[in-house]
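Below is one structure; the comments refer to it alone.
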Amino acid sequence: MSSRVDYLVKHLELKPHPEGGYFREMYRSEESHQKEHLPARFSGSRSHCTSIYFLLFGNNYSALHKIKSDEIWHHYEGGTLEIFSIDNSGKLTVHLLGKDFENNEKPQIVIKAGDWFGSRVKDKSTYALVGCTVAPGFDFEDFEMGDRNSLLNSFPQHKKIIEELTH
């Protein structure tokens with residue numbers, strides 16, 4: 001696995017991501033939505049769309065966080081990626097991103113704007129190369145990293161996964 005991970009990091013020019021794993025922005029539309037045409041939750045104009053490569057492997061994980069846009073995840077290669085999302089009502093959903101359709105995996109899933117979410121490879125001996133598409137486009141102003149204590153206060157029923165996917 002590590003030789004393939006090293007190859008992907010090098011050839012896709014991936015860099016460490018603040019939430020965990022490795023990434024590279026691949027696309028940012030040149031056109032944008034002006035603030036006055038976006039929902040009030042956005043503080044300014046946003047690109048129509050952005051996309052990244054995202055790589056997780058071994059014990060790496062994407063820490064629980066949320067953004068203000070919908071995010072579409074695409075599986076490219078490697079093992080199954082577990083994506084955990086918690087909506088505002090406290091409902092936890094475990095999405096299986098992959099290509100093993102007989103085991104309820106999907107090659108594409110959507111995380112709704114405002115949901116807390118984090119991810120990890122299901123089998124620690126594997127890696128997952130995925131893509132994430134965000135519309136309106138991603139901006140770090142719209143990113144909120146989950147605070148373990150705040151999440152535990154809001155969603156005590158999900159203590160185990162919150163402790164596993166926060167720093």
Side-chain angles (χ1 to χ4, degrees), residues 1-33 42 46-87 91-146 158 160-162 164-167:
M1 175 188 67
S2 76
S3 64
R4 182 63 178 165
V5 167
D6 292 341
Y7 176 87
L8 292 169
V9 168
K10 178 181 178 185
H11 290 279
L12 296 176
E13 301 175 23
L14 305 177
K15 304 292 182 210
H17 196 291
E19 73 197 39
Y22 289 83
F23 85 111
R24 179 172 163 217
E25 184 174 275
M26 293 307 305
Y27 175 73
R28 180 170 292 275
S29 61
E30 293 179 12
E31 296 181 316
S32 62
H33 298 287
F42 295 98
R46 296 290 181 269
S47 296
H48 287 314
C49 180
T50 56
S51 70
I52 64 169
Y53 287 133
F54 188 59
L55 176 70
L56 282 177
F57 58 93
N59 290 320
N60 288 299
Y61 64 90
S62 169
L64 288 167
H65 63 287
K66 66 180 177 177
I67 62 174
K68 296 179 180 180
S69 297
D70 289 346
E71 184 164 334
I72 305 166
W73 289 64
H74 318 265
H75 190 273
Y76 297 136
E77 72 172 66
T80 306
L81 191 68
E82 297 177 306
I83 305 171
F84 301 86
S85 64
I86 305 171
D87 69 17
K91 179 184 175 194
L92 172 68
T93 303
V94 181
H95 307 271
L96 299 176
L97 189 67
K99 298 181 181 117
D100 186 351
F101 306 131
E102 284 73 36
N103 285 310
N104 297 317
E105 294 179 12
K106 306 267 190 282
Q108 181 176 309
I109 63 103
V110 176
I111 301 297
K112 300 302 264 173
D115 286 358
W116 291 102
F117 65 103
S119 60
R120 63 185 178 201
V121 290
K122 186 173 181 181
D123 176 349
K124 303 298 181 238
S125 69
T126 64
Y127 69 94
L129 176 65
V130 302
C132 300
T133 303
V134 177
F138 179 81
D139 188 297
F140 269 105
E141 278 189 35
D142 304 333
F143 176 89
E144 182 180 348
M145 183 67 77
H158 304 308
K160 183 177 185 309
I161 198 64
I162 290 169
E164 291 174 0
L165 295 180
T166 54
H167 302 294

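Between I86 and L92, the closest heavy-atom pair is CG1-CD1, 3.8 Å. The minimum heavy-atom distance linking L64 with W116 is given by the pair C-CE3, 4.3 Å. Annotation for A63 and M145: closest pair CB-SD, 3.7 Å, computed over non-hydrogen atoms.
Screening residues 21-31 for salt bridge (charged side-chain N to carboxylate O under 4.0 Å, His left out) gives E25-R28 as the qualifying pairs, with residues at least two apart or on separate chains. Every pair passing salt bridge (charged side-chain N to carboxylate O under 4.0 Å, His left out) that includes a residue from residues 97-112 is listed here, sequence neighbours excluded: D70-K112.
Residue E82 is tested with K122, R120, H95 for a side-chain hydrogen bond (donor to acceptor under 3.5 Å, both in side chains); the sole match is R120.
A side-chain donor-acceptor contact under 3.5 Å links Y61 to the backbone of T166. Side-chain atoms of S29 come within 3.5 Å of backbone N or O of H48 as a donor-acceptor pair.
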Hey, can you pull the donor-acceptor pairs under 3.5 Å for the side chains in residues 134-141, sequence neighbours left out?
from : atom 1 : to   : atom 2 : distance (Å)
D139 : OD1    : E141 : N      : 2.8
E141 : OE1    : S43  : OG     : 2.3

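In this structure, S62 OG and L81 CG are separated by 8.5 Å, a value rounded to the nearest 0.5 Å. Distance CG/L56 to CD/E19: 8.0 Å, rounded to 0.5 Å.
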List the steps, then state whether ring pair (Phe, Tyr, Trp, His ring centres under 6.0 Å) holds for H17 with Y22.
-> CA-CA 5 Å; H17 196 291; Y22 289 83; 10.0 Å; no
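Side-chain atoms of T133 and H74 form a donor-acceptor pair, as typed in the model, at a separation below 3.5 Å.
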